[in-house]
Every structure is written in C-alpha cells, then in structure tokens.
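Quick notes on the structure that follows.
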Amino acid sequence: MGMSKPRRLGAVAAATISVLMLAACGGSGGSGGAGSGATGGKVDGAGKTLNVLMNVTAQYPQEQQAWFKEMSTKFKAETGADIQWETFATANDEMTRIQTSVVSGQGPDVYGLGTTFTPTAYSTGAFVKLGDNEWNQLGGKDKFVPAALGISGPDEGNQIGIPFVSRPFVMAYNTELLAAAGIEKPATTWDEFTEQAKKLTKGDQYGVAVAYKDNFDPWKYIWGMSIQAGNPIIDGSKVRLDDPITKKAYDTYFGWVTKDKVVDPSSVGWANPQALAAFAAGKAAYFPMTSPLSIPALDASAVKGKYKYALMPTVPPGESSNPSGGKPAASILSGDNLVVADYSKQKDLAFAFIKMITEKDVQLNYFKVFGQLPANQAAAKELASNEIIAPALDSGAKSVATPFSGAWGDVQLSLTNVVVQSIPDLSAGSVSDANLTQRLKDEQAKSQTALDRAKK
Amino acid sequence: MASSVTEPRPSDSSPAAGAAAGPGGPTPSVTRRKGLSEKNRPLWLLIPGGFLMTIVILIPLAMGIWMSVIDLDQYSLRRWVSAEFIGIQNYIEAATSSDLLRSIWLSVSFAVISTLVTIPLGVAAAVVTQNAYRGRALVRSIFLIPYVLPSFVVASVWRTMLQPDGIVNVTLTNMGMDGGLWLNGPNAYWTLVWVEIWAAWPFIYLLALSGLQAVDHEVHEASALDGALWWNKLRYVIFPYLKGPVSLAFLLATLNHINNFTLPYVLFGAPAPSDVNVLPILVYVTSFQSFRFGLSAAMAVVSLILIAIPLFIYLRAVKLDVHDGGKK
C-alpha cells in the first residue's frame, strides 16, 4: 500500500487529463451547426447577449467606450438584445482568442479583423461563409464600397469578411516645401518621386520621411512596387520573392538612404510614428504610407494647414507607365472586416448587429469620431467632397487586395525580414547585391514552404 | 518516493492518529514516531499540491509534447484532435531547416554571460550594503530600482536611448566617438546583454544579501579575534556562507535570462535581427506569426531537453536538491 499512494496520485492526474480532454473535445464537436436562417423581418433578441470582439483604438479609448455604449443602446432598441464588448490590442492577442474559441467552440459571436489578417482567419475555417441569405440580412452587397470587398474571401463564392472601415494608405506632402522647390504636383511615378525628393533635400530637410524599422510599413512599399510592375508575390502556387521585379523594389526602397540620400540616415531606426513626427516638424517634404488617421497629429503640429494628402505613385520604379500585367495599386486594401463565428448560436443577431453598424449614419459618425473611412458606399460618397479626405477615398477605390492565402502572413513576415536584416547594411551606407540576393533567396525558400502547406 | 517493505497500519491515517501527532502533544511513544517515519508519511496531504501541479505543469507539458508530434497549424487548428500524427518530422524540421540551434546558442551564451557579469556585481553590492552606515537604506532602495521596473519599461527606455539619433549616440558623437547602430547588427547582441545585466543584477544582490544576513554574529567576532583582515575574512569566512544562495541565484538568473521574452521583443521587435533571434522570439514568431504550433512545440521541447541536461548536472554538483535531515 505504500506504493499505492503515488499510484493513486497518478490515477487522479490521469482522470483529470481525460476529463479535460473530453470537455475540450465535446466543446469543439458540439458546435458548428448551421444558422437558423434569415427571419426576413426583425430579429428578436430579447434576453440574449451578443458577444463582440473589436480592435482597441488606442488613440481614442474614451471615445471608443462611448461608442460601445451608444451602439448597445441602439441595438437594444432594435432587437432587445444586449451586447458584451471585448477588445484586443494586437493581432497576436486576437489570434490567441480565435485559437481558444475555435478549439473550445465558444467565445465571441462577432470578430473585427484587420484586412491582411482575414486570409489567416479564413484558413481556420471557423467563420460563416456569406451566401445570398446572409448578404440580404446585411442589407445587400451593394451597400458596400466595391473595392472594400476585395479581401472578404478567396473568391466571390467564399466570402467571410464584411467590410467595416477602410484605412487606405496615401502620402502626405508639405505644400510649402514643394512650392518652394518649384514642384507643382506631387509625383505619380516612383522615379519622379525620387527625383523630386532629391530636389527637396537640403540642409537638415529631407525629401522623404520613411520608417525603415517599422514592423509593417516596409512590406507595403515592396508589395506595392511589385504589384505595380506585375508581380503579385504569391502567383498561383509559386512565391515570387526572388523575382527581379521585387529585387528592384528593394533596391529603390533602400536606395533612398544609400544612393539618393533623400531620407534622414537616422530613419533606419524609425517606426512609423517617428517618421510622422519628422514630417510634422517640417523636416521632410513627403511622408508616404500614412492614412487620414494622422490628421489629428498633423493638425496639432507645425505643418497645420500646410499639408495635403495625395495618392502614392502607382507606376513602378524604372517605368513611365504600368507594364502589362502591372496593376496601378495605390495602396494595399487596408481596414477592418467583421466576421461571424461558425460556432455562434445567434447568427441572426450577429448579422443584425453588423447591419446596424454598417449603415450610412453610423459609419459617418464613426468617421467623425475616429477618422476611419466608411466601408458603406453612400457614406463614402458623402465624404468625397472633403478636400483632405478625397485622395484617401480615391486611394481606397484604387487599392488592391494582398493575395488571399493562408500563407500571406509568412510572406509578409519574409518581406519585412529582408528589411530588418538589411538595416546594418543600410546604416553602413550600402546594401551589396550579393547580400540582398542571398536574403531574398532565404526568404523565398521559407515563404514557398509556407505556401506549399497552404495548398495541401 | 517512498517504497515500503513493511505493511503500514491503516489506523495511521485515522483522525485519532493525526490528532495525537499534533504539536504540543505528550512525548511520542515508539508507535507514534513510527507513524511519522518515511514509510508512512501522510502522502495524501500532497494531493492538493499534486493536483495543482498536474493542472499547471504536467498537463501543459504533456500537451506540448503531444503537439510536437502532430501537424498542428492554422489549417488543422479547428480539428486539433484529429490533426495528423507526423512523429518526429517537426523535430527534424526544427533541427535542420529552422534557426533553432543558432537561437539556442544565442540564448544560452547570452544568459551565461549575463549571469557571470551580474554575480560579482550583485555580491559586491550586497557586501557594500551589509554594514550599517548613514544613508544605507537609501542606497539599498536605489539598488532595487532596476529590479522593480517592469521589463517592458526598461526595454522601452533603452530602446529610445539607443536609437541611431538617440541620446547615447548624441553623447558619443559629442565625445568624438561614432556610436553606430545598437538595435540591429552585431552590436545588438551586446545591447541585449548590457540591458539584461542592467535590469537583472539586483536579483543576485538580493539573494547574496539574504546569504550575508544569515552569517551568525559570532562568526564575525571569531574572525576578528583571529585577526583576519577584510579580504581574508571575506574570502575564507564570508564567501563560503554565500555559496548556497549564490549558486541558487546563478541557476535561477540563468534560467530567467533564457526565458526573457519581453526584453528582446520590445528592444528589437519581431522579426528580430538575426544576431538577437533568441529562443523565445523564435518560438513566438513560429507560433504566432507563422502559426506553426506543432513546429514551435517541437522547438520548445528540444530546448527544454537541451537546457535540462546541464541543469541536472549542475544541480547534482552543487547539491541544491539535497537537504540535511531530509531523511529519517
């Protein structure tokens, strides 16, 4: 019996494990039933609570709480149901939430997702695919800005994301500095952009503010210049990171520091807010890869009233027009989508909620408070007359979705990693051809492995 | 654990026996002493602790090992129970086509260097604040500042100072030196070591101080009577007392360094520059940016084993796991 006590402990442990496993299995197996279908009229949600997980807006925490409250009241009046709000701070937080919810079969009914994260979420297969029925519940597909639907799913028949807001990228330029250099119009090709930047660089003033150290900005430049020249990076079952087109994009992007010297050498250590600060201080004439979210910061700075937005160049480096196969992409398709969890037992209520927050008035109000552009077509039209906003809306309409693949996360990581590993070279003044080629080769292999897994 | 030859008596665990063995009881009889021997210790008292350990440590460990042999990623996450069993393929991939071995080397070397530097600093600081003098409390409080600051804050502040145009480089330039790049490239490794040392030495200081406090007053008197001067006293009288606490500190600090995720993550971001792609960052990126949960579990298991081997040897060597009087 002296031996039996440890054994008993072992038995307790084993029993606990099996109970937990059973609970987990039961959870994941017992859900996923189809929705109860559209009711046509109003959804009755009396006594129910809808669980919504949204991205936290770090810039406007109080406004977000107020907006949550307002929407809860409105939703209660419309359906009788309450809303339980939750927020996440980073894509990683959210992935953890999705993981636990997917595995246990319970959690938020509605998720807000960044657009580039939507393919990853899609690949988990945990969200409701939108058929005619669902789109009708939402007020019809026509309600949304067409370009915003570009990253709702891999194709028209397999969409999961409902566009909520749009954050297209544009470049800000300093009207005074451009006028002083005799430049009438902001550049529309990357070559022209570099030439203008050279003219605009003198003393401690630089042509461009670029955030080389940012964790997200760099891949957007490279992807944009590549797609403009006809390389979508993920091309069917092939990754084309080691393509000469993409290498040229890196050469151009790095060349601003090493060859053209149109950016502050310190910018090899900058993240986006530092580049914004340099532009806001009047130290840089151009600030690409920003969005109307920078309006509050710029209006409180030295360049208030002296800046405008414009589309980033849409013609790739070394060309005067887009080559065949190249797309004049003004921006990645950027913003937030909403998705409904497959395990949700109140899908009708979830769609009623999404319908409500994508209505014109709610969207216009959301723009006013948070500076995020509407995905609702009527609301976007109404803002088109706003001079500052118009280029951003234009960019939204001309933005191109990043490839819809579960491997996109890895490709994005690879695109960024080439820049991260090149920073010592950038700081030293030149990125050798051999180094760049080797880095592209390494990352090509990693990305291709990831894409091969996605195809299985 | 206990392995018994004799048959224990069931009455030992009865309430009566438990009450009789309580403190303040009469001189225990032979039978009662037997009741507390190793053979019949009331092991069932371990159940609450054992239960917690099972939930907090053993189950996650078992699941981690299980995850490392299945093909778990974003595509199979939803049906994780039926994810394909792929044996040691994750391990092969981790060892051959990932940065795992390099990351382990970076992590271990970084941790050992940081610990080796912090130990003399911590011990010296403890010795300096051992004897009472005016302002000692203040000095002791100041010494603890790096330790009480959250890792996130420490990393953010250093990251700001070490920017290419940050205060460190500006100062160096004013002194006629070229600072260069601190947060990427070969210097980044030493930046990580430096900031870790800055943040972690008070831990050694605290443990060394507790060791010093344990030195009996008589020992000081005796060595003074023998005419030992400060260095001899320190070397032959005081340091032997510190062997235990400092060995423990060495162990815990090294493990803490290896496991530190916040510091490299906030200092360098993810993906990390290759010179500071330490183990926690590699596992994080594999898990949460590439979503290769199976592969990252294999990485974690490999590193656990690699770290456990020297740890085991070290534990045997310094005998931290053996207590005097532990056996009857």
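All values below were derived from every heavy atom in this structure, side-chain atoms included, with hydrogens, water molecules and symmetry-related copies excluded. We name chains A, B, ... by the order of the sequence lines, and we start the count at 1 in each one.
Around atom CG of B/Asn174, more than 12 heavy atoms belonging to other residues, nucleotides or ligands sit under 6.0 Å away. Heavy-atom neighbours of B/Met175 CE from other residues, nucleotides or ligands within 6.0 Å: at or below the threshold of 12. Heavy-atom contacts from other residues, nucleotides or ligands closer than 6.0 Å to CH2 of B/Trp194 number 12 or fewer. Environment of CD1 in B/Ile65: crowded, with over 12 heavy atoms of neighbouring residues, nucleotides or ligands closer than 6.0 Å. Within a 6.0 Å sphere centred on CG of B/Leu172, other residues, nucleotides and ligands contribute more than 12 heavy atoms. Within a 6.0 Å radius of CZ in A/Phe216, other residues, nucleotides and ligands contribute 12 heavy atoms or fewer.
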Q: Might you work through the side chain to side chain contact (heavy atoms under 4.5 Å, CB included) test for B/Phe268 and A/Val420, ending with a clear yes or no?
A: CA-CA 10 Å; B/Phe268 309 110; A/Val420 171; over 6 Å; no
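With rounding to the nearest 0.5 Å, the separation of CG in A/Asn417 from CD in B/Gln289 is 10.0 Å. Taking OG of B/Ser76 as the reference point, atom CZ of A/Arg453 lies at 7.5 Å (rounded to 0.5 Å). In this structure, the separation between CG on B/Leu77 and OG1 on A/Thr120 is 12.0 Å, given to the nearest 0.5 Å.
Looking at B/Gln74, the atoms closer than 4.5 Å to chain A (heavy atoms on both sides) sit in the backbone and in the side chain alike. Using a 4.5 Å cut-off between heavy atoms, B/Ala188 does not touch chain A at all. A/Ser427 touches chain B through its side chain: at least one heavy atom from C-beta onward sits under 4.5 Å away, while N, CA, C and O do not. Heavy-atom distances place the side chain of B/Arg292, and not its backbone, under 4.5 Å from chain A. If you measure heavy-atom distances from A/Gln274 to chain B, the contacts under 4.5 Å come from the side chain alone.
Minimum interatomic distance between B/Tyr75 and A/Ala407 (heavy atoms only, all atoms of both residues): OH-N, 3.6 Å. Taking both residues in full, the closest heavy atoms of A/Asn215 and B/Gly269 are given as ND2-CA, 4.3 Å, listed atom of the first, atom of the second, then distance. Annotation for A/Pro424 and B/Leu181: closest pair CA-CD2, 3.6 Å, computed over non-hydrogen atoms. Of all the heavy atoms in A/Ser266 and B/Pro164, the pair that sits closest is O-CG, 3.7 Å.
The main-chain N or O of A/Ser267 is never found under 3.5 Å from a side-chain atom of B/Gln163 such that the two would form a donor-acceptor pair.
Chosen from A/Lys213, A/Gln412, A/Gln421, the residue pairing most often with chain B at heavy-atom distances under 4.5 Å is A/Gln421. Most heavy-atom pairs under 4.5 Å with chain B, from the set A/Ala126, A/Gly125, A/Ser123: that is A/Ser123. Taking A/Gly409, A/Gly406, A/Ala271, A/Ala428 one by one and counting their heavy-atom pairs under 4.5 Å with chain B, the maximum is reached by A/Gly406.
Between A/Asp410 and B/Phe291, the closest side-chain pair of non-hydrogen atoms is not below 4.5 Å.
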